[in-house]
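Okay, structure first, notes after.
Quick caveat: nothing in here was measured; it's all calculated off a predicted structure.
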Amino acid sequence: MSDFDHRPHPLAAGLVRITAANPGIMTGPGTNSYLVGTEELAVIDPGPDQPDHLDRIAEAGGGRIRWILVTHTHPDHAPGAAGLAQRTGASRLGFASRDGFEADRTVGDGFQLQAPGLSLRAVHTPGHASNHLCYLLDRQDPAAGLAVDAGPRRVLFSGDHVMEGSTVVISPPDGDMSQYLASLHRVRDLDPAVDAIAPGHGALIDDPVAAIDNYIEHRLRREEKVAGALRARGAGTVDDLLPDVYDDVDDERLPIARRSLWAHLRKLVADQRAESDDVDDVDSVWRGGGPA
């Protein structure tokens, strides 16, 4: 039986994953929804508005789901919130009401949700989306009244901030590469450290620091490749630079890579390493500038 066969899969005490039936190039095996807690439950990322998926979440909750938290309002993470709220009566929480998601309560960085057997804290992590929140679970927080010896203590529900098996698309103007890298550093350096990452797509990540360091290294390598390609050409559009910078990506993924290339170019301008007449225009001409 696959861990991503859309059935509930317990990962640790008070932590269950259910994967939606929306696999694809952007979602991997599908969007992960998590049920968190031992008495009253929170759902993190209800996923797409798929009746079967929402039915499975509600059934697994056994009448105990009280909160629905979204990491961000992209269409594979948040649309199921309304249907799950109808099924459970739970409150919908998120950074903002937008993109069709209606929050019963807006929450931001540092928000805490505590109940018997449950302790969650929101960490604002803009970059992939300006309204992106990660949620940090402390499975041994005395305030939650839950002592768990087995499994990871501190689990970060990362949405699309960090994924297992693939990198994250940064799509301007809402996506921002500088903010994304700063957010990666922030979650890597959380104190106490995170023991595991529960991503929005893919399997549990049990070496968070190594995974995040790989993400940062990958982004910085790609940034230097963008800067080098721009220096070599002198000037060019995103479409001019795309085959130079993403020659290691198959054709199917190039439209996705095009968005991240734009984000890298915007960061180079912000760092005074490139110039553009209009950083908000993906079709603008970009010119090399600043220190090599």
Side-chain angles (χ1 to χ4, degrees), residues 3-11 14-24 26-108 111 113 115 118 120-125 128-129 131-137 155-164 197-204:
D3 283 350
F4 302 103
D5 61 5
H6 319 309
R7 302 179 186 182
H9 282 268
L11 302 177
L15 178 54
V16 175
R17 181 183 63 216
I18 303 177
T19 303
N22 64 333
M26 297 288 288
T27 56
T31 301
N32 292 328
S33 298
Y34 294 96
L35 285 84
V36 186
T38 58
E39 297 183 29
E40 295 181 310
L41 307 182
V43 171
I44 298 178
D45 278 346
D49 187 14
Q50 294 180 344
D52 288 349
H53 179 62
L54 301 179
D55 287 344
R56 280 190 288 269
I57 296 174
E59 182 179 358
R64 296 176 294 143
I65 297 173
R66 300 290 180 264
W67 306 277
I68 301 165
L69 288 71
V70 300
T71 58
H72 62 302
T73 54
H74 285 176
D76 54 329
H77 287 260
L84 188 58
Q86 290 173 355
R87 287 165 171 78
T88 63
S91 297
R92 297 163 291 181
L93 286 70
F95 189 82
S97 294
R98 70 174 231 197
D99 304 325
F101 169 73
E102 293 293 334
D104 298 304
R105 179 178 180 183
T106 57
V107 299
F111 165 77
L113 175 62
L118 177 63
L120 284 167
R121 176 166 65 89
V123 182
H124 187 211
T125 48
H128 175 69
N131 63 357
H132 197 288
L133 295 169
C134 293
Y135 295 97
L136 179 61
L137 171 69
V155 180
L156 186 76
F157 298 92
S158 66
D160 278 353
H161 189 57
V162 177
M163 296 189 292
E164 187 266 335
I197 293 175
H201 308 280
L204 203 69

Using the side-chain hydrogen bond (donor to acceptor under 3.5 Å, both in side chains) criterion, which residues pair with Asn131? Sequence neighbours excluded.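 Expected list: Thr73.
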Quick one: side-chain hydrogen bond (donor to acceptor under 3.5 Å, both in side chains) partners of Ser158, sequence neighbours excluded?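 Applying side-chain hydrogen bond (donor to acceptor under 3.5 Å, both in side chains) to Ser158 gives none.
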Heavy-atom check, side chain of [X] versus side chain of [Y], under 4.5 Å:
X	Y	value
Val162	Leu156	no
Glu102	Arg92	yes
Val70	His77	no
Trp67	Leu120	no
Val155	Ile197	no

Indicate whether the side chain of His201 and that of Asp160 have a donor and an acceptor atom separated by less than 3.5 Å.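 Asp160 and His201 do have a side-chain donor-acceptor pair below 3.5 Å.
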Do Asn32 and Thr19 get their side chains close enough for a donor-acceptor pair, meaning under 3.5 Å?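 There is such a pair between these side chains.
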Does anything in residues 27-64 pair up under ring-ring contact (aromatic ring centres under 6.0 Å, His included), and if so which pairs, sequence neighbours excluded?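 Sorted pair list: Tyr34-Phe157.
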Which heavy-atom pair separates [X] from [Y] by the least distance, and what is that distance?
X	Y	answer
Ile57	Ile18	CA-CD1, 3.9 Å
Leu54	Pro46	CD2-O, 3.9 Å
Ala129	His74	CB-NE2, 3.9 Å

Among residues two or more places apart or on two chains, list those pairs meeting side chain to side chain donor-acceptor pair (under 3.5 Å) that have a residue in residues 78-89.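 Qualifying pairs, neighbours excluded: Asp55-Arg87.
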Any pair counted as salt bridge (Lys or Arg N to Asp or Glu O under 4.0 Å), so long as it reaches residues 72-82, sequence neighbours left out: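 Every candidate salt bridge (Lys or Arg N to Asp or Glu O under 4.0 Å) pair involving residues 72-82 fails, so no pair, neighbours aside, qualifies.
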For the side chain of Thr106 and the backbone of Ala96, is there at least one donor-acceptor N/O pair under 3.5 Å apart?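 Not confirmed, Thr106 side chain does not pair with Ala96 backbone.
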List for me each residue that meets salt bridge (Lys or Arg N to Asp or Glu O under 4.0 Å) alongside Glu40, sequence neighbours excluded, and say none if there are none.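 Here the qualifying residues are Arg66.
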Distance from Phe95 atom CZ to Leu133 atom CG, nearest 0.5 Å?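 Those atoms lie 6.5 Å apart.
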